[in-house]
2 protein chains.
Amino acid sequence: MTIKEVCSRFGISPDTLRYYERVGVIPEVHRTPGGIRDYTEEDLGWVETAACFRSAGMPIELLIEYVRLYKEGDGTIAERCALLRKARERILAERQKCDDALRKMEYKIRVYEKAVRTGRLDWDGDDGCCNCSSPKQEE
Amino acid sequence: MTIKEVCSRFGISPDTLRYYERVGVIPEVHRTPGGIRDYTEEDLGWVETAACFRSAGMPIELLIEYVRLYKEGDGTIAERCALLRKARERILAERQKCDDALRKMEYKIRVYEKAVRTGRLDWDGDDGCCNCSSPKQEE
DNA sequence: CCTTGACTTAGAGTGAACTCCATGTAGTAT
DNA sequence: ATACTACATGGAGTTCACTCTAAGTCAAGG
């Protein structure tokens, strides 16, 4: 499979795919005799994993470390497992932050929707979710 | 409240706080007569919102736009509401990506844990979650 | 064989979001 | 008054993750 096809399948640019390979986010991709990249199913699996983990905010550095361990062979299985557990904690924390922000947004959206209906803002007091009412005209 | 205290409360550096104010992620902060920042409760609310939304991956540009609308007054309430709805969609998508990555990780972690117990890797076939077994020694 | 277009590389450039630095001022303790 | 520390500013520098450019190579059509 050509680099173009891989790109359109995963929504990544060719530059990014080559970059991932160059820095070690994915292992070396299979080539034609002429030196053109020809992705195998296994290569695709790596690309999918990289794309998936990256889009969740996992830093490139961790993926590089994972591939490095993978290349070293079965002796690194425990290490790889530990790395993935660390990554999971990161993403869980990430998701928690999304949830926190979502709660804040939902509240603000509700207040604004009510304001649009009733014609006036009505933040119910000091719940730590305010700072959306119009600025006081102090000067 | 001094900038130092605000920093330790929200885990942000003073440079970042000043940067946020400078580019408009938060409105101008109250000052002492001498020109030193002295955060009011309202200022703190803005900082909290900015920190919360930023840590969920909301781009600075959106926050700046939100503050800009806020400063314009009540006429922008519908716009602000629309902006927040757009932001919510973004964060929801973000969270979905976290969930996707987590599922992939959980699977890999399970396989590795089993490998650590049994002494050998056992990816159950072509489920699109592989690419973690040791490289085939082809050369 | 020649053109054309997609591929290759190495290396420079970009954008977002900070982060650091140099220089100067505010406020407090001695 | 002096020293010291925390704060101020404008502007330069850094980091991450790409993204682009230039110059060259591969492969298919005419």
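Below, read A as the first sequence line, B as the second, and so on, with proteins coming before strands; counting in each chain starts at 1.
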Please give, in whole Å, the distance from [N] [atom2] to [X] [atom1]?
X	N	atom1	atom2	value
B/Ile3	C/dT25	CD1	C1'	15 Å
B/Tyr39	D/dC7	OH	P	10 Å
A/Arg37	D/dC26	CZ	C1'	14 Å

Counting only side-chain nitrogens and oxygens, does [X] get under 4.0 Å of the OP1 or OP2 atom of [N]?
X	N	result
B/Arg54	C/dA16	no
A/Ser13	D/dC18	no
A/Tyr20	D/dC18	yes
B/Arg31	C/dT25	no

Could you pull out the protein-nucleic contacts involving nucleotides 27-30 of chain D (nitrogen or oxygen on both sides, under 3.5 Å)?
none

Report yes if some heavy atom in the side chain of [X] is under 4.5 Å from a heavy atom in the side chain of [Y]; otherwise report no.
X	Y	result
A/Leu62	A/Phe53	no
A/Ile64	A/Val67	no
A/Arg18	A/Ile3	yes

Trace of the salt bridge (charged side-chain N to carboxylate O under 4.0 Å, His left out) decision for B/Arg37 with B/Glu21: CA-CA 11 Å; B/Arg37 285 177 184 80; B/Glu21 187 178 349; 2.6 Å; yes

Is there a salt bridge (charged side-chain N to carboxylate O under 4.0 Å, His left out) between B/Lys86 and B/Glu89 once you walk through the steps? CA-CA 5 Å; B/Lys86 206 172 78 183; B/Glu89 296 316 307; over 6 Å; no

Quick one: do B/Ile36 and B/Leu17 end up in the same hydrophobic cluster if we chain Ile, Leu, Val, Met, Phe, Trp and Tyr together by side-chain heavy atoms under 4.5 Å apart?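 No, it is not one cluster - the side chains of B/Ile36 and B/Leu17 are not joined through contacts under 4.5 Å.
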
Mind checking whether B/Trp46 and B/Leu83 sit in one hydrophobic cluster, side chains of I, L, V, M, F, W, Y counted as touching below 4.5 Å? yes

Quick one: do the A/Arg80 and A/Tyr70 side chains pair a donor with an acceptor below 3.5 Å? no

Just call it for B/Pro14: base, sugar-phosphate, or nothing, with non-hydrogen atoms closer than 4.0 Å on any strand.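 Since no nucleic acid heavy atom lies under 4.0 Å of B/Pro14, the category is nothing.
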
Within the side chain of A/Asp100, is there an N or O that forms a donor-acceptor pair under 3.5 Å with the backbone of B/Cys52? no

Between protein and nucleotides 11-14 of chain C, what N or O pairs are separated by less than 3.5 Å?
none

